[in-house]
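Okay, so here's the structure we're looking at.
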Number of protein chains: 2
Amino acid sequence: MTSANVDMFKTLDPEHAGTTSEGVVTQLREMIHRGELRPGDRLPPERDLAKLLGVSRPTLRAGIRSLAAVGVLQSRQGAGTFVVKSDGPPSLDSSPLRLMASLHGFTSAEMFEARMSLEMAVAGLAAERATGDHMATMAEEVAGMYASLGDPEQFLVHDVRFHQTIAASSGNRILTALMNMVATILFETRIKTVKRATDLKESAEMHRHIYRAIREHNPEAAREAMHDHLIRAKMAWDLEEPHDLEHAPPNGSNGNGASS
Amino acid sequence: MTSANVDMFKTLDPEHAGTTSEGVVTQLREMIHRGELRPGDRLPPERDLAKLLGVSRPTLRAGIRSLAAVGVLQSRQGAGTFVVKSDGPPSLDSSPLRLMASLHGFTSAEMFEARMSLEMAVAGLAAERATGDHMATMAEEVAGMYASLGDPEQFLVHDVRFHQTIAASSGNRILTALMNMVATILFETRIKTVKRATDLKESAEMHRHIYRAIREHNPEAAREAMHDHLIRAKMAWDLEEPHDLEHAPPNGSNGNGASS
DNA sequence: GGCCGTAAATGGTCATACCTTGCTTCGTGT
DNA sequence: ACACGAAGCAAGGTATGACCATTTACGGCC
C-alpha cells in the first residue's frame, strides 16, 4: 500500500465540483470505461482504495454503494468488491423500474404491453439475423416444451430459454436487456402461479409458429406470431386471481427471466 | 422524535435476512409503494429516521444512497432528503445503461437501433390512441420546425418535443421511459454537433409524414414513417466525425431527451 | 495427499465528532 | 412599517476509529 503497484488510481482532483462521493463515483466510472477495471476484476480493499483516492472510507463506501445500486459493482463480505461479471447477455437491474411502477401505479396491463412491444421488436430482428446455431437452439427448446407438457415447471424453463434465445439472435443487446428488465418483473409475480398449467399444448404450438417464422426469415410473420402468442398468454394470465405488481420481493433481485 | 407523530416507521424486523442496509432499502421501498411516502415528500432527518428504524446513521445513509442512485430519492445538503417528484412522465436514470454500454463496448449503431425499435413501437401505439390534444401539439411542433429551419438549436427543441408528444400519446409510460433512457444517451453526444445543420427541411418533412400517419390512425404507416425518419437521421449522423459513447458527462444526468 | 481448523483479509456496522450548506428568524436600519 | 442583512439552527456530507461477520487461504494433522 505504501508505494509500488499501480498508480492508476490517481487521487481525485477537487476541482470537479459536487460532493466528494460523487467524485468517487466519477473516478470509478471512468476507470471502468477506460478499461482499467474490467468485468470480473476485483477492486482493491476499501481501506487501501480510500487512501489511494484520497478520501475516507465512508465516502468511498458511499460511492461504491451508488455503483452497486445500479448493478455495476458487487460487494461480498469477506471476499471483496468486484466489477459485475456478466457471463451471459448484459442485464440491467429491474428494481428501478419496479420502484417506478409502484411510485406511479403502473398496471400490469401496461407492463405487459411494454413487454409485448419489446418482444415483437426483438422477434422481428431475430427473423432477419438468427444464425443456424440460434435456430437449432430454438428448435430444441420447442421440442423440450412438447416433451414437458405434463411438467409445467420444466415447460417454463424451456419457455424462458426459447425467448432468451430469440433475444440473443436479435443481435441487439440493449433491446435484450430492456426486454429482460420488463420480463423479469412480470416473471417474478408469475412463477408462483405456474403450477396450474393452462393449455401448455397451445402454448407450445404458438412457440413453434414463432420459430418457423424466424426460420423462414420473415420478420412480419415473426412479429405477428409473437403478438398472438403474448395476447393469448395475457388472456390466460388475466383469468388468474388479481396479480399485484405491488408485492415485489424484498430484495431487488437482478435475475433475468422471461416467461411465455 | 420521542413519541407522537407517526409510527409508520416501524423498526425493521431482523428476520428479513440479508444485510442491515438492505433491510433499510426494503423498508423505504415498501413505505413508498404503500403510499406512506409519496413523490415530493420529505423524509425525516437522517438522525431521527435512523433511530426510528433502529439502525445507525451510516447504515441508514447507505440505504438512502442506494435508492438515490436509482433515482428514487434525492438528498440536498442543508435541506433534507426527498422522494423524487416527477412532474412530467416518469423517467428512468440512464446512467446504468451508459455504464453497461462502456462495460460491454456497445456501438452507437446498436444503441441507435434500439432507439429505432422503441420509437417505432411507440409510434405504432400512438397511431392507435393519440387524442385530439396530442395531435394538436404534434402539429404545432411540426409547424415550429418549419419555422426554425434557420435556427438548428430551436429546431432541435421542437424535434425533441415532437417525439415526446408521440411517446405521451402512446399511453404506455414504461415504453416511454425506456425510450427516453436510450434517447438521452444518444442525445447527450449529439447536442454538441447540432450546430452544423443537416438538411433540416427534409427532417421537417419526415416529421410531418409521421404526424399524418398518426393523424390517420394508421399504425403501420406511422411505424414506417418513423423508421424512414430515423434511418435518414442515422445516415446524416454517421457522416459526422466518430462519436464516442465513451465520453459520457461526468455526472449521471437523468434528463430526458429525444433527438431527431 | 487430502481434509479440517485456525488465522488473516475484507466488507458491514456502529458511535462520534465536526464541517458545509440551506433555511429561518430576528434584529436593525431606512 | 417594511426591507434587507446577519446570525443561529437544522440537516446532510465527511472523517476517524473501533469492532463484528464472513470468506478465503494457509498450514498442520490424519
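Each chain gets a letter, A, B and so on, in the order the sequences are listed, and its residues count up from 1. Just so it is clear, the values below take in all heavy atoms, side chains as well, and ignore hydrogens, waters and symmetry mates.
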Distance check needed: [N] [atom2] versus [X] [atom1], whole Å only.
| X | N | atom1 | atom2 | answer |
| --- | --- | --- | --- | --- |
| A:Gln77 | D:dC19 | CD | C1' | 12 Å |
| A:Phe82 | D:dT23 | CZ | C1' | 10 Å |
| B:Glu46 | D:dA11 | CD | P | 11 Å |
| A:Ile64 | C:dT13 | CD1 | P | 13 Å |
| A:Leu73 | C:dG11 | CG | P | 12 Å |
| A:Lys51 | D:dA15 | NZ | P | 12 Å |
| A:Arg42 | C:dA9 | CZ | P | 11 Å |
| A:Gln74 | D:dT23 | CD | P | 13 Å |

Between the base of C:dG12 and the side chain of A:Arg57, is there a donor-acceptor distance below 3.5 Å? yes

Base of C:dG12, side chain of A:Arg61 - is there a donor-acceptor contact under 3.5 Å? no

Tell me yes or no: between the side chains of A:Thr81 and A:Ser75, is some donor less than 3.5 Å from an acceptor? yes

Does a donor on one side chain and an acceptor on the other come within less than 3.5 Å for A:His134 and A:Thr137? no

Does [X] put a side-chain nitrogen or oxygen below 4.0 Å from OP1 or OP2 of [N]?
| X | N | value |
| --- | --- | --- |
| A:Thr20 | D:dT14 | yes |
| A:Ser21 | D:dG13 | no |
| B:Ser75 | D:dA11 | no |
| A:Thr59 | D:dG13 | no |

Provide the full list of salt bridge (charged side-chain N to carboxylate O under 4.0 Å, His left out) pairs with a residue in residues 57-71 of chain A, sequence neighbours left out, each pair given once. A:Glu46-A:Arg57, A:Glu46-A:Arg61

Does atom CG (B:Asp41) have a neighbourhood of more than 12 heavy atoms from anything else shown, all under 6.0 Å? yes

Which residue lies more 5' along DNA chain D, comparing A:Gly78 with A:Arg47 via nearest heavy atoms: A:Arg47

Non-hydrogen atoms of B:Arg38 and B:Val83 that approach each other most closely: O-CB, 3.6 Å

Assert: residue with more 5' nearest nucleotide on DNA chain C, out of A:Pro58 and A:Leu43, is A:Leu43

Relative to the 5' end of DNA chain C, which residue comes earlier, B:Leu60 or A:Arg76, by the nucleotide with the nearest heavy atom? A:Arg76

NA contact type, B:Arg65, heavy-atom cut-off 4.0 Å: base, sugar-phosphate, or nothing? nothing

